[in-house]
Structure formats: C-alpha cells, structure tokens
Amino acid sequence: MPARRILHIDLDAFFASIEQRDHPEYRRRPVVVGAEPGRRGVVAACSYEARRYGVHSAMPISEAVRRLPPETVYLRPRIDYYACVSREALAALGTISPLVESASIDEAYLDISGLDSLFGPPEAIGRRAKAVIREAVGLRASVGIGPNRLVAKLASDYRKPDGLTVVPRERVQAFLDPLPLTALRGVGPKTAPRLRQMGLRTIADVRQVPLLELRRRFGHLAGTRIYAQCRGQADDTVEPGRRRQSISKEITFDSDLCEVETLRETLYWAAQEVGALARRAGRRGVSLTLKLRLADFTTHTLTRSLSVPTAEDRTLFREAWGLYRQSPWSGKPLRLIGLSLSGWDPSDAPSAQRELFPEAGPEEDSKTAKLYRALDAVREKFGKDALHFGVLPAARSQSPKRSS
DNA sequence: TCTGGGGTCCTAGGACCC
DNA sequence: TCTGGGGTCCTAGGACCC
C-alpha cells in the first residue's frame with residue numbers, strides 16, 4: 001500500500017459566513033447564529049468579529065449577549081439552507097478527487113494521493129481546493145494536508161481563517177510535539193484534566209507515557225488511540241459513502257415541563273420528524289431510544305428493540321410513549337425530550353434506496369439555494385411574515401412546544 | 001457562564017445460550 | 001446445596017465532536 005496523502009478542508013465560521021455572504025449589511029459586524037437571546041440555548045456559530053469579544057460556539061447565548069456590543073446581529077440557524085450550501089461545496093471538491101468524505105456540515109476529507117501529476121505539489125492542490133470552494137459557494141476555507149486524517153485536521157486548524165498548511169511525513173513529529181494535549185482526538189473536558197494531573201501539557205509530554213499506563217488509566221481502546229496519535233499514527237482512509245447510523249430529533253423546553261398532554265404532543269411531533277427523515281433516507285430501524293433530561297440536567301436514555309423494522313410515525317410514537325410511561329421519570333419535570341431511531345434493516349439496501357429516494361444532486365442544491373435567497377429577498381422587502389404557505393400540518397404547527 | 005441539536009463510538013453489566 | 005468459560009445480544013450511560 002503506497003503512502004496516502006489526506007487533505008482536510010474546513011469552511012471558516014460556516015453558518016455566520018453564509019449569512020454575511022447573503023447579507024452585505026452584516027459584514028464587518030459581529031454575527032451570532034444560534035439560540036434566540038433571552039431563551040435557553042447556545043451559540044452555534046459566530047463570525048470572527050464576534051470571536052474578538054471572546055465569544056465561541058457552544059457558549060450559552062446569555063453569556064454571548066453580555067459580552068457583545070449592541071450592533072451585533074443575532075440569527076436563528078437555517079440548517080436546511082446551510083446543508084444545501086454544504087453539498088454544493090462538496091460537489092465542487094469532487095472535481096479534485098473522487099474520494100471526498102463529508103465529516104460534518106462544514107468539513108470534508110479528500111484522499112489526494114497520487115494527484116501530483118494532475119495538479120502539482122500538495123500546496124497547489126490545497127490552493128485549488130480553496131479556489132473551487134470560493135468559486136462554487138463564495139466562502140473561505142482553511143486547508144490542511146498530511147499523511148493521515150489526524151495530521152490533516154490539525155494542519156487545517158493551525159492557521160485560520162483562510163489558511164493552508166502542509167505537513168510532510170518527515171515533519172509530522174515536529175509539528176505535533178508542541179501542540180497542547182487537547183489537540184488529540186478523543187481528549188476532551190474529562191480526559192484532558194486527568195492527563196494534566198499527570199503533569200502533562202503537550203503532545204510531546206504524553207508521548208513519554210508507556211502504552212500500558214495509558215490503557216490502564218483510560219481503557220484499552222482509548223489508551224491505544226492516544227498512544228498512537230502522539231506518534232502521528234492515525235487513520236488514513238477516506239470513505240466517500242459513509243451513511244449515518246441514527247436519526248434523531250430532540251427539543252429543550254424554555255422552562256421545565258411536566259404537563260402530560262404537551263409532552264405527548266411533543267413526542268408525537270418528534271416521531272413524525274424522525275419517521276419522515278427515515279423514510280426520506282429509505283431506512284427502517286429496529287432500535288428506538290427515548291431521551292429524557294431532567295431539571296437538574298441529568299440525562300437518561302431508554303431503548304427498545306422493535307420486533308419489526310419501522311419508519312412509521314404512529315409506531316414510533318406508540319413505542320416511545322410506552323417507554324416514557326413505564327420509565328421512573330414519567331411525571332417528573334423535563335428539560336428535554338428526544339427520540340432516536342437506529343439499527344437499520346439491512347434489506348433496505350443503499351442502492352435500491354437511491355432510486356427511491358434520490359439524494360439532492362448539485363443542480364437541485366444550487367436551485368434550492370437560489371430559491372432560499374429569493375425568499376429572503378421577498379421577506380426583506382415585504383416583512384418577515386410576507387410568505388405564508390397556507391395551513392401547516394397540525395402536529396407541526398404545535399411543534400415549538402416551548403412554553404413561554 | 002448555566003449549559004442546543006445533531007451525531008459517533010466505547011464500556012460495562014446482565015441475560016441467555018452452548 | 002454447587003456453579004466454568006466464552007460468545008453474543010441488549011441496554012444504559014458516558015465521552016467526545018461539530
């Protein structure tokens with residue numbers, strides 16, 4: 001197997017940048033996309049102007065409001081629209097390599113092994129990736145190139161926004177060594193303090209710890225993975241066809257809720273949403289998980305294996321409601337309720353699916369994106385309630401079960 | 001500070017079977 | 001009246017990521 005070369009591309013401040021692209025008047029102003037100020041929730045994304053005030057994604061919206069100046073623009077996310085833009089960008093990357101894997105709505109990995117003869121050295125391929133994104137969707141991106149996914153990802157993080165970093169194989173250890181240990185994949189808010197307590201700060205420090213010691217402290221797999229990553233060893237494969245393992249819908253109430261009828265309606269709404277998404281993906285699942293978060297933020301899940309795979313709203317609701325009623329938390333005030341479907345029926349073969357439920361192609365996405373922009377223009381001109389598409393389906397119209 | 005919503009993957013215990 | 005060992009499935013919880 002010849003050595004691989006992986007490119008990671010990350011669209012800078014994705015949600016906020018799309019809004020600034022579409023609304024010139026938002027440019028050079030702090031833009032926050034996320035929860036509505038005054039309600040429960042967090043920042044989903046923010047512009048670089050907002051980051052200057054110490055605001056970052058996942059920060060409670062209340063804290064962001066405290067820090068940001070009055071000219072800040074607060075927007076609710078338009079995820080479906082951003083997903084269209086994401087697919088347009090992904091399609092553009094397909095002109096560089098056929099091996100493109102979407103890692104999230106704003107990131108992708110490309111296998112660019114052996115493309116030098118076509119496009120030149122890695123730097124040239126990196127510049128080309130940024131250029132095709134710019135041309136296709138008018139957004140800036142940061143690119144990292146390395147011998148595997150870990151190094152490519154850390155390289156794209158290295159210089160932002162609009163960065164390009166290439167780490168050749170022989171420079172990997174020197175690149176990794178000074179980075180903080182939180183750069184390791186799988187080292188988060190729980191594991192990082194435990195490593196720091198061992199007197200470790202950087203990846204070079206963690207590299208001094210023996211394999212068995214890491215396994216003993218963090219478990220076999222996690223320990224093995226930390227050990228390998230410190231040495232620049234990581235997954236170097238790109239899987240273009242990865243499909244999701246589960247489909248879920250959840251909602252946090254504005255204030256904790258224990259009113260049974262509202263809970264029932266919310267759960268029915270969630271079942272409809274999950275069912276519709278599953279049917280659109282051509283999937284039926286056998287594993288249904290109900291998620292409950294109590295007033296004190298403790299979270300519980302209850303799973304039921306169904307006898308027959310399903311994507312049917314009423315079945316999903318019936319089973320989920322049954323789980324809720326027999327759970328020890330039934331009747332307690334809830335902060336969040338959610339529903340998830342997984343365990344896909346293997347007979348729902350992806351090939352058959354694509355015929356039944358074609359994924360939106362680049363053309364449809366570009367058309368949809370244009371439609372969104374046209375609708376926005378109308379709203380801007382005639383007010384945001386100018387577009388009203390008749391009667392909403394009953395359960396959906398009740399969907400924002402956020403008690404005020 | 002007071003903590004969204006969408007996911008992935010891992011661990012561990014118990015049931016069950018041979 | 002004492003009780004192995006291994007494999008697999010199911011379930012709950014937890015850590016992490018964007």
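Labels below follow one simple rule: chain letters A, B, ... track the order of the sequence lines, proteins then strands, and each chain is numbered from 1.
Taken from CZ in Arg29(A) to CG in Leu68(A), the straight-line distance is 12.0 Å, to the nearest 0.5 Å.
Regarding Glu101(A), its CD atom lies at a distance of 12 Å from the P atom of dT8(B), rounded to whole Å. What separates CE of Met59(A) from C1' of dG4(B) is a distance of 15 Å, to the nearest Å.
Among the protein residues, Arg293(A) comes within range of the sugar-phosphate backbone only, with heavy atoms under 4.0 Å from sugar or phosphate atoms but none that close to a base. The residue Ile247(A) sits close only to the backbone: its heavy atoms come under 4.0 Å of sugar-phosphate atoms, none of a base. Nucleic acid contact for Arg225(A): sugar-phosphate only, since backbone atoms but no base atoms lie under 4.0 Å from a heavy atom of the residue.
Taking the nucleotide of DNA chain B with the nearest heavy atom to each of Arg244(A) and Ala35(A), the more 5' of the two is matched to Ala35(A).
You'll find that the side chain of Arg66(A) is closest to dT1(B), out of dG4(B), dG6(B), dT1(B). Taking the side chain of Leu336(A) as heavy atoms from C-beta on, and the options dG7(B), dG6(B), dG5(B), the nearest nucleotide is dG5(B).
Taking the six-membered ring for Trp and thresholds of 30 and 60 degrees, His8(A) and Tyr109(A) have ring planes inclined between 30 and 60 degrees apart.
Checking the phosphate oxygens (OP1, OP2) of dG6(B), a side-chain nitrogen or oxygen of Lys249(A) falls inside 4.0 Å. For the OP1/OP2 pair of dT8(B) and a distance below 4.0 Å, the side-chain nitrogens and oxygens of Arg242(A) include no atom meeting the criterion.
With contacts defined as side-chain heavy-atom distances shorter than 4.5 Å, the pair Glu250(A)/Leu339(A) does not qualify.
Taking atom C1' in both dC16(C) and dT3(B), the straight-line distance is 16 Å, to the nearest Å.
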Counting primed atoms plus P, OP1 and OP2 as sugar-phosphate and everything else as base, spell out the protein contacts along nucleotides 9-18 of chain C at 4.0 Å heavy-atom distance: B, S or - for each nucleotide, 5' to 3'.
-SSSS-SSSS

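Taking a pair as Watson-Crick or G-U wobble with both distances under 3.5 Å, the runs of three or more consecutive pairs in DNA chain B are B:5-18 with C:5-18.
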